[in-house]
Amino acid sequence: MITPRSYKGMRDHLPDAMRLRRYITDTLIDVLRRYGFEELSTPIVEYAETLEGKIGEDEKLLFRLQFGSDQLALRYDQTVPLARVIAANEGKLGMPFKRYALGQSYRGERQQRGRYREFWQLDADIVGVDSPVADAEVIAIVCESLQRLGFAGARVLINHREILSGLARVAGVEAEAAANVYRIIDKLDKIGLDQVREQLVQSGVSADAAAKICDFISLEGAPDTVLAAMQSTLGDDEAASAALANLRAIIENVALLGVAPESYTLSPALARGLSYYTGCVFEAVLAEPPMGSLLGGGRYDNLIGMFSKRSLPTVGFAFGIERLYDLMVELKMGPTFERFIDAYVTIFSPELEPESLRLASELRAAGLSVLTAYGPARLGTQFSEADRKGATLALVYGPDDASANLVQIKDLRTGAQEPAARDQIVAAVQQKLQT
RNA sequence: GUGGCUGUAGCUCAAUGGCGGAGCACCUCACUGUGGAUGAGGGGGUUGUGGGUUCGAGUCCCAUCAGCCACCCCA
């Protein structure tokens, strides 16, 4: 016998889990469709060279595999494969191109809460425009989606990579040390300002520069206030000023798109790890319980250029389905899914089995989800199974019903039972389901 | 990848180094044309796995696997 075990960090999704997971992804995809996104899906396996050199230090987390002499890897996210497929099909797609994709990605991390080696993401991107309207649109989508799922308290944190670069320059940090600075300030929420200052100094940043950086990342308040304060620190840096103007435009458009002010905030400490981001970056977090970010995204204007002579500006993000799901289970959110089968057709006796199966067939042809018994059994047992399997109605066709041309329809929600004419059964069942 | 904690029935958890249990869930019956309630009965475990110490190990030791937490980093 083989021990039935699954690989660490990877989990099976049983029907109970899949109902909620499907609800989550259906809800999110519905929002994306209303914004005009189209589905574009790529393979899980890529040539290793496609993924290498795009994601930064975490490249060591790539699951690598070899088939014959082919050097392959499982995708680490869906963004890099998107860049590849866009570069190869640019002429067919028509810019700007808005895509979404639902699927697994793989990272060889040690498993922890909210972190799995196989995890599902719903990725969405707008390819081919650098307008701040596009950045604003994806942020609006994110806010709307979280609302729809019921995460009223979630907040979207927004920052800009070029503002961080400007901060590093203005503080006098060497270009090579900048990545380290981003990594440290990104931990502000977790370790606090004093620890950030300490770690900055430890990493070789001067006390003066560390103080400047800490002042900057402590900025908070309404976007206008924060932007003005940023401007006064970074005003002399040309690239940072451009980034501030860009971020201002994005924020203005987010408001125009109808997003409530309390659902997003500027967060000067937000850095995000993936090395391909070039502009605006954002993520969504929930204050309680702790779960890391529910989604993450930003603008990456140079990634497609790594696969093509011509680069294409792109902004995108990915929902973390595992985290959304785990949180919704923990917080008892989402529908209850008590009745997800329309009808269960009982089988009274061997003689009446054929007619019961015909009955089920008619209901299915009308588009209903129908279970049948797999043989005669005590009616009590059959009702019990019908209830357990989530049926709304149970149908009985017994000898008395057969001779009277009736079918008994029992509503398992209430226990009430009524007869219906055999030749009107589809309409009668549909009518019952409406109530 | 590094460090720490945990692992007993499907689930939640008991059991001083001395006979492995409870509640819930599941199955059968009371009930041969009616589920949820009630009652009676039943099935379930190599105590994650493999070694070791001991007269005796769920309990102590080592290894391993998995999960949780902290790093690292991230959805």
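In what follows, every chain begins at residue 1, and chains take the letters A, B, ... in the order their sequences are listed.
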> For B:G33, which nucleotide is its Watson-Crick or G-U wobble mate, given both distances must be under 3.5 Å?
Replying inline: none
> Touch check for A:Q408, heavy atoms < 4.0 angstrom, all strands: base, sugar-phosphate only, or nothing?
Replying inline: base
>> Mind checking if A:R107 touches a base, just sugar-phosphate, or nothing, with heavy atoms under 4.0 Å?
In response: base
Would you list the protein and nucleotides 30-32 of chain B atom pairs, both N or O, that sit under 3.5 Å from each other?
residue: B:C31; atom: O2; partner: A:R378; partner atom: NH2; Å: 3.1

> Just how far, in rounded Å, is P of B:C68 from CD of A:E330?
Replying inline: 12 Å
>> Under 4.0 Å, counting only non-hydrogen atoms across every strand here, what does A:D77 touch: a base, just sugar-phosphate, or nothing?
In response: nothing
>> So which atom in A:F383 and which in A:A394 form the shortest heavy-atom distance, rounded to 0.1 Å?
In response: CE2-CB, 3.4 Å
>> Let's see if you can work this out: which of B:C74, B:C68, B:A75 has an atom nearest to the side-chain heavy atoms of A:S293?
In response: B:A75
>> Distance criterion of 3.5 Å, no angle test: do you see the side chain of A:R110 paired donor-to-acceptor with the base of B:G3?
In response: yes
>> Give me the atom names and distance for the closest heavy-atom approach of A:Q382 to A:Y344.
In response: O-CE2, 3.9 Å
> Within the structure shown, what part of the strands sits under 4.0 Å from A:D58 by heavy-atom distance: base, sugar-phosphate, or nothing?
Replying inline: sugar-phosphate
> Does the side chain of A:D70 come under 3.5 Å of the side chain of A:Y47 through a donor N or O and an acceptor N or O?
Replying inline: no
> Minimum heavy-atom separation for A:V281 to A:L270, with atom names?
Replying inline: O-CD2, 3.8 Å
> Can you check side-chain contact (heavy atoms from CB on, under 4.5 Å) on A:R107 and A:Y116, steps first, answer last?
Replying inline: CA-CA 8 Å; A:R107 297 179 190 177; A:Y116 301 91; over 6 Å; no
> Counting only Watson-Crick or G-U wobble pairs whose two distances fall under 3.5 Å, which nucleotide matches B:A9?
Replying inline: none
> When the nearest nucleotide of RNA chain B is assigned to A:Y7 and to A:N180 on a heavy-atom basis, which residue is associated with the more 5' position?
Replying inline: A:Y7
> For A:K187, which contact category applies under a 4.0 Å heavy-atom criterion: base, sugar-phosphate, or nothing?
Replying inline: sugar-phosphate
> Mind checking the P distance from B:A15 to B:C19? Whole angstroms is fine.
Replying inline: 14 Å
> Given atom CG of A:D400 and atom P of B:U34, what is their separation to the nearest angstrom?
Replying inline: 12 Å
> For A:G9, which contact category applies under a 4.0 Å heavy-atom criterion: base, sugar-phosphate, or nothing?
Replying inline: sugar-phosphate
> Which base, if any, makes a Watson-Crick or G-U wobble pair with B:A63, both distances under 3.5 Å?
Replying inline: B:U49
> How many Å lie between CZ on A:F151 and P on B:A75, as a whole number?
Replying inline: 17 Å
> With both distances under 3.5 angstrom, what nucleotide forms a Watson-Crick or G-U wobble pair with B:A25?
Replying inline: none
> How far apart are the closest heavy atoms of A:Y182 and A:S165, and which atoms are they?
Replying inline: OH-CA, 3.2 Å
> Are the side chain of A:N253 and the backbone N or O of A:I250 linked by a donor-acceptor pair below 3.5 Å?
Replying inline: no
>> Over all strands shown, is A:L412 touching base, sugar-phosphate only, or nothing at heavy-atom distances under 4.0 angstrom?
In response: base
> When you compare B:G58 with B:U53, how far apart are their P atoms, in angstrom units rounded to a whole number?
Replying inline: 16 Å
>> Between B:U12 and B:C68, how far apart are the two P atoms, rounded to whole Å?
In response: 13 Å
> If you look at every strand shown and take non-hydrogen atoms under 4.0 Å, does A:G380 touch a base, only sugar-phosphate, or nothing?
Replying inline: sugar-phosphate
>> Can you check the distance between B:C27 and B:A75, where both ends of the measurement are the P atom (answer in whole Å)?
In response: 44 Å
> Quantified in whole Å, what is the C1' atom distance between nucleotide B:U49 and nucleotide B:A66?
Replying inline: 10 Å
> Looking for any heavy atom pair under 4.0 Å, which part of the strands does A:D186 touch: base, sugar-phosphate only, or nothing?
Replying inline: nothing
>> Applying a 4.0 Å non-hydrogen cut-off, can you work out what A:I321 is touching in the nucleic acid: base, sugar-phosphate, or nothing?
In response: nothing
> Can a donor-acceptor pair be found between the side chains of A:N159 and A:Y277 at a distance below 3.5 Å?
Replying inline: no
> What integer distance in Å separates A:L149:CG from B:A75:P?
Replying inline: 18 Å
> Closer than 4.0 Å, any side-chain N/O of A:K190 to the OP1 or OP2 of B:C71?
Replying inline: yes
> How close or far is atom C1' of B:A70 from atom CD of A:Q199, stated in whole angstroms?
Replying inline: 13 Å
>> Can you tell me which nucleotide in B:A66, B:C74, B:U34 comes closest to the side chain of A:F383?
In response: B:U34
>> Pairing check on B:U54: which nucleotide meets the Watson-Crick or G-U wobble criteria with it, both distances under 3.5 Å?
In response: none
> So, the side chain of A:T414 versus the backbone of A:A416: is there a donor-acceptor pair under 3.5 Å, distance only?
Replying inline: yes
> Which whole-number value in Å describes the distance from A:R64 CZ to B:G1 C1'?
Replying inline: 15 Å
> Contact class for A:G114 (heavy atom, under 4.0 Å): base, sugar-phosphate, or nothing?
Replying inline: base
> Applying a 3.5 Å limit to both distances, which nucleotide forms a Watson-Crick or G-U wobble pair with B:U2?
Replying inline: B:A70
> Can you find a side chain N or O atom of A:R388 that sits less than 4.0 Å from OP1 or OP2 on B:C27?
Replying inline: yes
> Touch check for A:K410, heavy atoms < 4.0 angstrom, all strands: base, sugar-phosphate only, or nothing?
Replying inline: base
>> Around atom CZ of A:R155, are there more than 12 heavy atoms from other residues, nucleotides or ligands closer than 6.0 Å?
In response: no
> What's the CD-C1' distance between A:E418 and B:U34, to the nearest Å?
Replying inline: 15 Å
>> Under 4.0 Å, heavy atoms only, any strand: does A:Q382 hit a base, just the sugar-phosphate, or nothing?
In response: nothing
> For B:G67, does OP1 or OP2 lie under 4.0 Å from any side-chain N or O of A:Q112?
Replying inline: no
>> Centroid distance below 5.5 Å plus an interplanar angle below 30 degrees: do A:F319 and B:A75 meet both conditions?
In response: no
> Do A:Q104 and B:A75 have a side chain to base donor-acceptor pair shorter than 3.5 Å?
Replying inline: no
>> Rounded to whole Å, how long is the line connecting atom CZ of A:R115 with atom C1' of B:A75?
In response: 11 Å
> Hey, what's the ring geometry for A:F317 with A:F282, parallel, tilted or perpendicular (30° and 60° as the breaks)?
Replying inline: tilted
> Is there a Watson-Crick or G-U wobble partner for B:A14 with both distances under 3.5 Å, and which nucleotide is it?
Replying inline: none
> Heavy-atom distance under 4.5 Å between the side chains of A:F151 and A:L286, does that happen here?
Replying inline: yes
> Hey, which of these two, A:Q111 or A:G296, hits RNA chain B nearer its 5' end, going by closest nucleotide?
Replying inline: A:Q111
> C1' atom, B:C26 versus B:C11: distance in rounded Å?
Replying inline: 11 Å
> Given the C1' atoms of B:G48 and B:A9, what is the spacing between them in whole Å?
Replying inline: 14 Å
> Considering only the C1' atoms, how many Å lie between B:G35 and B:A14, rounded to the nearest integer?
Replying inline: 34 Å
> Base, sugar-phosphate alone, or nothing: which one does A:R75 contact when heavy atoms must sit under 4.0 Å apart?
Replying inline: nothing
